[in-house]
Amino acid sequence: MARKKITEVTAELLSDFLKQEGYVLYNCEFVKEVRDWFLRVYIDFEDYGTPSEGEKARYIGTEDCEKVSRYLSEKLDEADPVEQNYFLEVSSPGMDRPLISREHFIRYIGSAVEIKLYKGIDGTKNIEGILESYEQDEETRDNDIINVQADDRKWILKRKDIAKAQLAVII
């Protein structure tokens, strides 16, 4: 079975359970590293908004990952969509989470981001700033536009020119 198909099956197996438990599937990947295959599932809370005054921010913890891992492991054993041996990993996308989908970019408008470009623009391949907006092209995500305010410059970037985008960790 192709890698993409395995991730789609995984997403389908998890869909109702995640919704019921208040989680969302942030990302899913099936990759080979050296000799071993890994099915990595990244989860987050459905309600990811900024906490109200007096409330603490909620973060995915070990218990959350264990709960999802146990459920998914059982469902994968039943469905048996993976032909080869693999390791199942369930975790949080982390503080410096990658921005992969349109939804990720839109979700984090107003946040500090780090962007690495395939080719340099005006002598730089690395941009750090605030994600100001995300403009969608309905035909293809390659033509989506990302606006980043970095120091005194506003960067207007095409999605296809971005090699990697992630949230910046500010200490």
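Numbers for residues simply follow the sequence, beginning at 1.
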**Student:** Out of curiosity, Arg107 CZ to Ser101 OG, how far, rounded to the nearest 0.5 Å?
**Tutor:** 9.0 Å
**Student:** Any side-chain heavy atom of Cys28 sitting closer than 4.5 Å to one from Leu39?
**Tutor:** yes
**Student:** Taking the six-membered ring of Tyr26 (Phe, Tyr or Trp), confirm whether the NZ or CZ of Arg97 is under 6.0 Å from its centre and within 45° of its axis.
**Tutor:** yes
**Student:** Can you check whether Lys158 reaches Ile145 side chain to side chain, under 4.5 Å on heavy atoms?
**Tutor:** yes
**Student:** Please report the interatomic distance CZ(Arg40) to OG1(Thr7), rounded to the nearest 0.5 Å.
**Tutor:** 14.0 Å
**Student:** Heavy-atom count around Asn85 CG within 6.0 Å, excluding the residue itself: above 12?
**Tutor:** no
**Student:** Assess whether side chain to side chain contact (heavy atoms under 4.5 Å, CB included) is satisfied between Val90 and Cys65, documenting all intermediate values.
**Tutor:** CA-CA 5 Å; Val90 177; Cys65 295; 4.2 Å; yes
**Student:** With heavy-atom distances below 4.5 Å as the criterion, would you say the side chains of Arg159 and Tyr134 are in contact?
**Tutor:** yes
**Student:** How close do Pro98 and Pro93 get, heavy atom to heavy atom, and via which atoms?
**Tutor:** CD-O, 4.1 Å
**Student:** Any side-chain heavy atom of Leu76 sitting closer than 4.5 Å to one from Pro81?
**Tutor:** yes
**Student:** When rounded to the nearest 0.5 angstrom, what distance separates CG in Asn27 from NE2 in His104?
**Tutor:** 6.0 Å
**Student:** Could you note down all residue pairs passing ring pair (Phe, Tyr, Trp, His ring centres under 6.0 Å) where residues 79-103 supplies at least one of them, sequence neighbours left out?
**Tutor:** Phe38-Phe87
**Student:** For residues Ala150 and Ile127, report the shortest heavy-atom separation together with the two atoms involved.
**Tutor:** CB-CG2, 4.2 Å
**Student:** Under 3.5 Å, sequence neighbours excluded: what are the donor-acceptor pairs made by side chains of residues 10-24?
**Tutor:**
unit_1, atom_1, unit_2, atom_2, d
Thr10, OG1, Ile6, O, 2.8
Glu21, OE1, Lys67, NZ, 3.1
Tyr23, OH, Asp64, OD1, 2.6

**Student:** With a 4.5 Å cut-off on side-chain heavy atoms, are Asp161 and Lys119 touching?
**Tutor:** no
**Student:** Among Arg102, Gln136, Lys160, whose side-chain hydrogen bond (donor to acceptor under 3.5 Å, both in side chains) with Asp144 holds?
**Tutor:** Arg102
**Student:** Under a single-linkage definition using a 4.5 Å side-chain heavy-atom cutoff for Ile, Leu, Val, Met, Phe, Trp and Tyr, are Ile130 and Leu117 assigned to the same hydrophobic cluster?
**Tutor:** no
**Student:** Less than 4.5 Å apart, side chain to side chain, heavy atoms only: is that true for Glu83 and Trp37?
**Tutor:** no
**Student:** Tell me, with the steps shown, if Ser92 and Tyr42 meet side chain to side chain contact (heavy atoms under 4.5 Å, CB included).
**Tutor:** CA-CA 5 Å; Ser92 159; Tyr42 300 92; over 6 Å; no
**Student:** Counting C-beta onward and ignoring hydrogens, is there a side-chain heavy-atom pair between Leu99 and Ile162 closer than 4.5 Å?
**Tutor:** no
**Student:** Going hydrophobic residue to hydrophobic residue with side-chain gaps under 4.5 angstrom, can you get from Leu157 over to Val113?
**Tutor:** yes
**Student:** Which pairs, with at least one residue in residues 152-171 and sequence neighbours excluded, count as a ring pair (Phe, Tyr, Trp, His ring centres under 6.0 Å)?
**Tutor:** none
**Student:** Any side-chain heavy atom of Leu167 sitting closer than 4.5 Å to one from Asp96?
**Tutor:** no
**Student:** Hey, is the main chain of Asp151 close enough, under 3.5 Å, to the side chain of Gln149 for a donor-acceptor pair?
**Tutor:** yes
**Student:** Calculate, to the nearest 0.5 Å, the distance between atoms CD and OG belonging to Glu132 and Ser111 respectively.
**Tutor:** 12.0 Å
**Student:** So, Lys125 side chain and Tyr118 main chain: donor-acceptor pair closer than 3.5 Å or not?
**Tutor:** yes
**Student:** If you round to the nearest 0.5 Å, how far is CD of Glu114 from CD of Gln166?
**Tutor:** 5.0 Å
**Student:** Roughly how far apart are Ile146 CD1 and Glu135 CD, rounded to 0.5 Å?
**Tutor:** 9.0 Å
**Student:** Please find the pair of heavy atoms, one from Ile121 and one from Arg153, that lie closest to each other, and give the distance.
**Tutor:** CG2-NH2, 4.5 Å
**Student:** Assess whether a salt bridge exists between Glu66 and Arg70, defined as any Lys/Arg side-chain N lying under 4.0 Å from an Asp/Glu carboxylate O.
**Tutor:** yes
